[in-house]
Student: 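I'd like to ask you about the structure that follows.
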Amino acid sequence: MAECDLALLEIIKNGFEAIADEMAIILMRTAHSPIVRDAMDFSTALCDPQGQNIAQGLTTPMHLGSFYDAMQHLTTQYAGNIDEGDVFVGNDPYLASGQHLPDIYVVKPLFHDGALCGWAATIAHHVDVGGLVPGSNSLSSTSIHQEGLRLPFLKLFRKGVADEAIHAIIAANVRTPDLVLGDIAAQCAAVQAGDRAFADMLHRYGWAQLSRYTIALHDYAERLARDAIRGIADGTYQFEDHIDGLGENGEPIVFRLALHVQGDEVTADWTGTSAQVAGGINAPISFCKSNVYAALRSVMGADVPNCHGYTRPIKVIAPEGTVLNCTYPAACGGRGITGYRIVDCVFGALAPCLPDRVAADGAGGSTLPSFSGQHNGRTFVFSECVMGVWGGTSQHDGQDGVPHMASNQANVPIEIIEADYPIRIERYGVVPDTAGAGRYRGGLGIVREYRILQDNIYFGVRSDKVKYPPHGLFGGQPGTAASNVLVVGGQEQTLPAMPLTPLTLNDGDVYRHVMAGGGGYGAPYDRNPDLVLQDVLDGLVTQAAALSDYGVALTNDLKIDENATHAHRTMMKGQGS
């Protein structure tokens, strides 16, 4: 690491992070659509002149590791043609190293005395970018060309002047132009704020000193990351997981990871993972790398700076043509579920060597329902990321009502949904007896129930963990599986995790989703009986499940029957359950 004042390095690092966070706050507060404004499906970053992250906002981890690849695409494409006042826009996985078409980058170069000094960068999930289905998350797409508007990196602003043709093209190709252009304007406001704040830092420290400390920051992050990796015993740690598959009888999609740890470096080798599929869940390599980086960063110390330097000791191998490194023209619209499974696999592989740093399996990421139709004379599209459940850990029960580690997003408030759309949320909460039993149980499955209030509403959903429920760790039991149910005319119809055929819902129809429960950690018969009793009193575990799952016998007045509990637990231990 270059010679520097460590106190000043910390101050500058915090200054960079404050800029990225300010950009995130401005984007959230000025966005128009619920999926950005309320669900917070967006990210912000500050990059150095080479496009390497130097800070990231406290937003979506699965986005952030892909900024580097996107910036390499941009800087190569526009070498010698980057001016003050330019703002770039792009989204295409193949032409801009994007993630999927709904995620649009808006990026601004930062200048000082005519020299390029960095980049303010944002990415936001837009409610619609055209394509086969409203929301642009078609699972049945077989080609990127079916998924919506493809944007290579283009100049949205040229030397401060808006390119109205690009704005017009976007507006003409999406179902909700007011929301999409409004969210793009919010991204522009965020990068402009990043420009102003970075200029303040340049004025305070000067470019020569700031540049030197940026290099030192990457080196410092790399050194801490290598120290953390050295704390993992050398070896190859393997794990296999699945996505349920597309449609009613879809073949399971296999994720096969060999995590090689050698000294202060780690390689995530995905050889043996399923080939890319004729459906919209394929991931470009930038997205694969981003999720591996996020998973490994989460088991490092909190003091590791969230900049490009920490990724240097990490190598990712994903053969071309697989679901983790898809090739043109594979469809990517629903690729988020693939990213969640990448993180879950890394945690599964690390469990034997870092048992106190990873959780048992959770709900597998967000469920993404989408609704669309005509309301008050206008087309509406409503999508949200329903979160979420974690598995148990070595120290505490799994959390419920929280996002997957890779996403850091939120459920849209009920009041917002009911005020703006012909939808009523009739049930929202946790479901008893859904948590995987363990010394520390998993989080409880979340139920969310939508009643449709008018006819001719499009509906589609992307979920998972119906066929492969969350696994437990070290004797912990799996959580319950997820479920998707339509209630039409009082009759229930069970849907697969990822239906390929869009459905039309009418007034009075109900969609009910129950997320999978988190896996348990440790043997259930080792759980403190007082904790089991408290769960029963709180309505999280039934009295019957307390006995069958934990061996805790309760009296009619809900007291622990010590003798019966000892007998049941002795029997459970003898059966190895």
Side-chain angles (χ1 to χ4, degrees), residues 23 27 36 41-47 49-53 60 62-83 85-110 116 118-131 136 144-145 147-159 161-174 177 180-192 194-195 283-287 289-290 326 328-333 335:
M23 291 166 59
L27 177 48
V36 178
D41 193 347
F42 69 90
S43 292
T44 60
L46 194 65
C47 300
Q50 291 73 43
Q52 302 177 117
N53 284 20
T60 304
M62 65 165 50
H63 284 159
L64 292 159
S66 68
F67 271 112
Y68 176 74
D69 284 3
M71 293 305 304
Q72 301 318 297
H73 220 126
L74 191 160
T75 54
T76 300
Q77 179 182 345
Y78 283 93
N81 185 23
I82 301 170
D83 299 301
D86 286 349
V87 176
F88 296 87
V89 63
N91 70 347
D92 192 86
Y94 304 107
L95 302 177
S97 291
Q99 299 195 350
H100 67 159
L101 297 183
D103 281 349
I104 296 179
Y105 291 100
V106 172
V107 183
K108 190 177 194 299
L110 310 178
L116 179 65
W119 299 84
T122 66
I123 183 173
H125 181 120
H126 287 260
V127 67
D128 185 82
V129 291
S136 311
I144 190 79
H145 297 286
E147 295 193 302
L149 180 64
R150 299 177 65 200
L151 297 170
F153 274 116
L154 303 169
K155 288 192 178 184
L156 189 65
F157 286 79
R158 297 175 180 271
K159 299 181 180 179
V161 178
D163 189 326
E164 297 298 341
I166 296 175
H167 285 79
I169 289 170
I170 294 172
N173 280 275
V174 304
V180 173
L181 292 178
D183 286 349
I184 288 176
Q187 290 180 262
C188 290
V191 297
Q192 184 62 37
D195 190 354
I285 185 62
S286 62
F287 189 59
K289 290 191 291 185
S290 185
C326 61
Y328 174 83
C332 309
R335 62 81 184 97

Student: So, applying side chain to side chain contact (heavy atoms under 4.5 Å, CB included) with Leu110, which one of Val191, Leu116, Asp195 is it?
Tutor: Asp195
Student: Please assess His73 against Tyr94 for the test side chain to side chain donor-acceptor pair (under 3.5 Å), listing each intermediate value before the final yes or no.
Tutor: CA-CA 10 Å; His73 220 126; Tyr94 304 107; over 6 Å; no
Student: Would you say the side chain of Phe88 lies within less than 4.5 Å of the side chain of Pro109, judging by non-hydrogen atoms?
Tutor: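 Yes, their side chains come closer than 4.5 Å.
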Student: If we only count heavy atoms from C-beta on, is the Tyr105 to Ser97 side-chain gap below 4.5 Å?
Tutor: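 Counting from C-beta outward, Tyr105 and Ser97 never come under 4.5 Å.
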Student: Which atoms form the tightest heavy-atom contact between Leu156 and His167, and what is the distance?
Tutor: CD1-CE1, 3.4 Å
Student: Test side chain to side chain contact (heavy atoms under 4.5 Å, CB included) on Val87 and Val106 and set out the steps.
Tutor: CA-CA 7 Å; Val87 176; Val106 172; 3.6 Å; yes
Student: If you take all heavy atoms of Ile169 and Asn173, which pair is closest and at what distance?
Tutor: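 Scanning both residues, the minimum pair turns out to be O-ND2, 2.7 Å.
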Student: Output the distance between atom CD (Gln72) and atom CD (Gln77), rounded to the nearest 0.5 Å.
Tutor: 13.0 Å
Student: To the nearest 0.5 Å, what is the distance between CG (Asp69) and CD1 (Ile285)?
Tutor: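 Output value for this atom pair is 8.0 Å.
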Student: Are the side chains of Val127 and Ser136 in contact, using a 4.5 Å heavy-atom criterion?
Tutor: no
Student: From Phe287 CZ over to His63 NE2, what is the distance, rounded to the nearest 0.5 angstrom?
Tutor: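 Here the interatomic distance stands at 7.0 Å.
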Student: Hey, does Phe42 have a side-chain heavy atom less than 4.5 Å from the side chain of Thr122?
Tutor: no
Student: State the OG1-CZ distance between Thr44 and Phe67, to the nearest 0.5 angstrom.
Tutor: 7.0 Å
Student: Side chains of Gln50 and Met71, heavy atoms from C-beta outward: is any pair under 4.5 Å?
Tutor: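 Not touching, per the 4.5 Å side-chain cut-off.
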Student: Just by distance, do the side chain of Ser290 and the backbone of Met62 share a donor-acceptor pair under 3.5 Å?
Tutor: yes
Student: Please tell me if the side chains of Asp86 and Lys108 come closer than 4.5 Å, counting only heavy atoms from C-beta onward.
Tutor: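 A side-chain contact is absent here, since even the closest heavy-atom pair is not under 4.5 Å.
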Student: When rounded to the nearest 0.5 angstrom, what is the spacing between CD1 in Ile144 and CZ in Arg150?
Tutor: 6.0 Å
Student: Hey, what do you get for CG (Asp163) to NZ (Lys155), rounding to the nearest 0.5 Å?
Tutor: 10.5 Å
Student: Start with the C-alpha gap between Gln99 and His125, add the side-chain angles, then the distance that decides, and say whether side chain to side chain donor-acceptor pair (under 3.5 Å) holds.
Tutor: CA-CA 10 Å; Gln99 299 195 350; His125 181 120; over 6 Å; no
Student: For residues Asn91 and Leu149, report the shortest heavy-atom separation together with the two atoms involved.
Tutor: ND2-O, 3.0 Å
Student: Which atom pair, heavy atoms only, marks the closest approach of Gln187 to Leu27?
Tutor: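 The pair with the smallest heavy-atom distance is N-CD1, 3.6 Å.
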Student: Side-chain contact test, heavy atoms from C-beta onward, threshold under 4.5 Å: evaluate it for His126 versus Ile184 and give yes or no.
Tutor: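 In short, these two side chains touch, coming nearer than 4.5 Å.
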Student: Quick check: closest heavy atoms across Phe153 and Ala96, and the distance to 0.1 Å?
Tutor: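 That would be CE1-O, 3.5 Å.
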Student: Between Glu147 (side chain only) and Leu101 (backbone N and O only), is there a donor and an acceptor less than 3.5 Å apart?
Tutor: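 No; zero donor-acceptor contacts below 3.5 Å.
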Student: If you look at every heavy atom in Pro284 and Gly98, which pair is closest and at what distance?
Tutor: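 Looking at all heavy atoms of both residues, the shortest contact is CG-O, 3.4 Å.
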Student: Could you check if a side-chain atom of Asp103 sits within less than 4.5 angstrom of a side-chain atom of Arg335, using non-hydrogen atoms only?
Tutor: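 Of all side-chain heavy-atom pairs linking Arg335 with Asp103, at least one is under 4.5 Å.
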